[in-house]
2 protein chains.
Amino acid sequence: MIATMARAATTSDVFNAIAEPQRREILVLLRAGERPVTELAQELGMTQPGASKHLRVLREVGLVRDRRAGKQRLYCLDARGLRPVHEWTGGFERFWNESFDRLDAYVQGLRPTGNTE
Amino acid sequence: MIATMARAATTSDVFNAIAEPQRREILVLLRAGERPVTELAQELGMTQPGASKHLRVLREVGLVRDRRAGKQRLYCLDARGLRPVHEWTGGFERFWNESFDRLDAYVQGLRPTGNTE
DNA sequence: TTGACGCATGCTGATATGGGCATATGATCG
DNA sequence: CGATCATATGCCCATATCAGCATGCGTCAA
């Protein structure tokens, strides 16, 4: 393993897990309660295998848990893993609240990412 | 664009930008104030080209801005882009605060009293 | 102008990823 | 047991990504 390691495995980090838009959508959907794979896949317009793969990643970082229910497997949210992310970003709160010296003016013409959900 | 698109470009999404541990470290360092590339590279134990590349990604999603200062190029934080992330994760706050009905028990590594609802 | 310095880029190699698809695995029912 | 739904996996492909290295480019000093 002198390898070059292109990137830390997505499966090992919550930050990476939620870097995927579709995985974020899954999490949002699961706020409404546990759901079987097929239903999630359908509501998000992805294939069943696709949903399963994303769910696996989410499960491996602990953001979701699964439970057997007959033939189905119900996935439910375990958002505790998101807390570190919330806190980490929170560490920058004062930097977007305080109107920087001249930062505000400087950046006036920029367009924030604005990707809210 | 018939492509299979393996993943949304990192450069287009803040979530992706902060999925990289080293980039997060850069952001943390920049809270202390603007810094030239070489200094960042040195403090984070990465090569100068490496730092430049990460800084580029951060710049393209708007998390940092740069300013010429003689031969140097000073990078400074613009954390506003982190706000959406903070808010998105915040949308899950109640899920890690409220002690779920039986979630708490369930997850604490034990079996519920057979009370499966 | 010539260097030296500071930083950005381009290129390569190894690997991680996500999507599509076919198929294995599991569980339920007749 | 065999048929069938519900999921998980394995494979392949195209692409994204990261690290290392060499090099291009702009700036400042002599």
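Lettering of chains follows the sequences in order, A, B, ..., and the numbering in each one begins at 1.
Using a 4.5 Å heavy-atom threshold, the side chains of A:Arg67 and A:Arg73 count as separate. Contact annotation: the side chain of B:Phe92 never approaches that of A:His86 to less than 4.5 Å [non-hydrogen atoms, C-beta and beyond].
Within the 4.0 angstrom heavy-atom criterion, only backbone atoms of the sugar-phosphate kind lie near A:Thr38; the bases stay farther away. At the heavy-atom level, A:Gly50 lies nowhere under 4.0 Å from the strands shown. Nucleic acid contact for B:Pro36: sugar-phosphate only, since backbone atoms but no base atoms lie under 4.0 Å from a heavy atom of the residue.
Note on B:Arg56: every side-chain N or O is 4.0 Å or more away from OP1 and OP2 of C:dC7. Residue A:Tyr75 places at least one side-chain N or O closer than 4.0 Å to OP1 or OP2 of D:dA8. Taking 4.0 angstrom as the limit, B:Gln22 places a side-chain polar atom (N or O) nearer than this to OP1 or OP2 of D:dA19. Checking the phosphate oxygens (OP1, OP2) of D:dA8, a side-chain nitrogen or oxygen of A:Arg73 falls inside 4.0 Å.
A:Glu60 places its CD atom 14 Å from the P atom of C:dA16, with the value rounded to the nearest Å. Straight-line distance from the NZ atom of A:Lys53 to the P atom of C:dG19: 8 Å, rounded to whole Å. If you measure from atom CD of A:Glu34 to atom P of D:dT7, you get 12 Å, rounded to the nearest angstrom. One can place CZ of B:Phe15 at 15 Å from P of C:dG18, the figure rounded to the nearest angstrom. Between B:Met46 atom CE and D:dT17 atom C1' the separation is 15 Å, expressed in whole Å. B:His54 places its NE2 atom 4 Å from the P atom of D:dA19, with the value rounded to the nearest Å. With rounding to whole Å, B:Gln72 atom CD is found 14 Å from D:dG26 atom C1'. Distance, A:Gln48 CD to D:dC5 C1': 11 Å, rounded to whole Å.
Closest approach to the A:Glu20 side chain among C:dA8, D:dA8, C:dG18 is made by C:dG18 (side chain taken as heavy atoms from C-beta onward). Relative to the side chain of B:Arg23, the nucleotides D:dC18, D:dA8, D:dG20 differ in distance, and D:dC18 lies closest.
The two residues A:Ser52 and A:Val37 have their closest heavy-atom pair at OG-CG1, 3.7 Å. Shown here for B:Leu74 and B:Glu34, the closest heavy-atom pair between the two residues is CD1-OE2, 3.6 Å.
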Stepwise side-chain contact (heavy atoms from CB on, under 4.5 Å) check, B:Leu55 with B:Asp66: CA-CA 9 Å; B:Leu55 285 166; B:Asp66 61 302; over 6 Å; no
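Along DNA chain C, the nucleotide nearest to A:Gly70 and the one nearest to A:Pro49 differ in position, and the one closer to the 5' end is contacted by A:Pro49.
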